[in-house]
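Worksheet: one structure, shown below.
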Amino acid sequence: MDFLSRPGLKLALGSDHAGFELKQSIAQYLREKNIQFEDFGAHSSDRVDYPDYAVKVARAVAAGKFTAGILICGTGIGMSIVANKIRGIRAALCTSEYMAEYSRRHNDANILCLGGRILSPEEARRITEAWLTSPFEAGRHAQRLRKMAELTGRE
Ligand code: RB5
């Protein structure tokens, strides 16, 4: 089932200073779509360290307090590296709608990472929409996830 169809859908949102503006734009998009979310910060463009925000969001998602998460830094790279260190997290850095769609269909990504210095607000919205509306296909992909999970002891 895609995230948008999940009852009680709630997203965890986070960024550093370089992702702050795009996070505000994604937050506005989520409000327009009546999608519930919690904003873990950053709450301004003042310089901060992206691992602090990646860890907060990733831990909250891994603990099951949120359905999924969205993390934004300058490139999206730092956020994805950190988030993927948390057990149970499959964070996908996406720069296109195709990547977003297939990060859900094939990888069951539970965190979407975006680059605030890479994407326009419109591109980021389209990518987020593709991510939220694409379901995990399971089948042969579930077996691949299990092999991934063996590395950390948890899917
Ligand atoms: C901050 O300047 C930048 O390094 C950060 O936002 C991110 O792009 C790191 O991956």
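All ligand and atom numbering here is 1-based and tracks the order in the structure.
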Which pairs of nitrogen or oxygen atoms, taken one from ligand 1 and one from the protein, are under 3.5 angstrom apart?
| residue | atom | partner | partner atom | Å |
| --- | --- | --- | --- | --- |
| ligand 1 | 2 (O) | Arg117 | NH1 | 3.3 |
| ligand 1 | 6 (O) | Asp16 | OD2 | 2.6 |
| ligand 1 | 6 (O) | Gly74 | N | 2.7 |
| ligand 1 | 8 (O) | Gly74 | N | 3.1 |
| ligand 1 | 8 (O) | Thr75 | N | 2.9 |
| ligand 1 | 8 (O) | Thr75 | OG1 | 3.3 |
| ligand 1 | 10 (O) | Thr75 | OG1 | 3.4 |
| ligand 1 | 10 (O) | Gly78 | N | 2.8 |

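Of all heavy-atom pairs between Leu119 and Leu114, the closest is CD1-CD2, 3.8 Å.
Remark: the backbone N or O of Phe136 is not paired with any side-chain donor or acceptor of Arg105 at under 3.5 angstrom. The backbone N or O of Val48 lies less than 3.5 Å from no partner atom in the side chain of Asp16, so there is not a single donor-acceptor pair.
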Task: From CA spacing to verdict: side-chain contact (heavy atoms from CB on, under 4.5 Å), Ile35, Leu132 - done: CA-CA 10 Å; Ile35 297 170; Leu132 290 172; 3.8 Å; yes

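Taking the six-membered ring for Trp, Tyr53 and Phe20 have ring centres at least 6.0 Å apart.
Using cut-offs of 30° and 60° on the angle between ring planes, the pair Trp131 and Phe3 is tilted.
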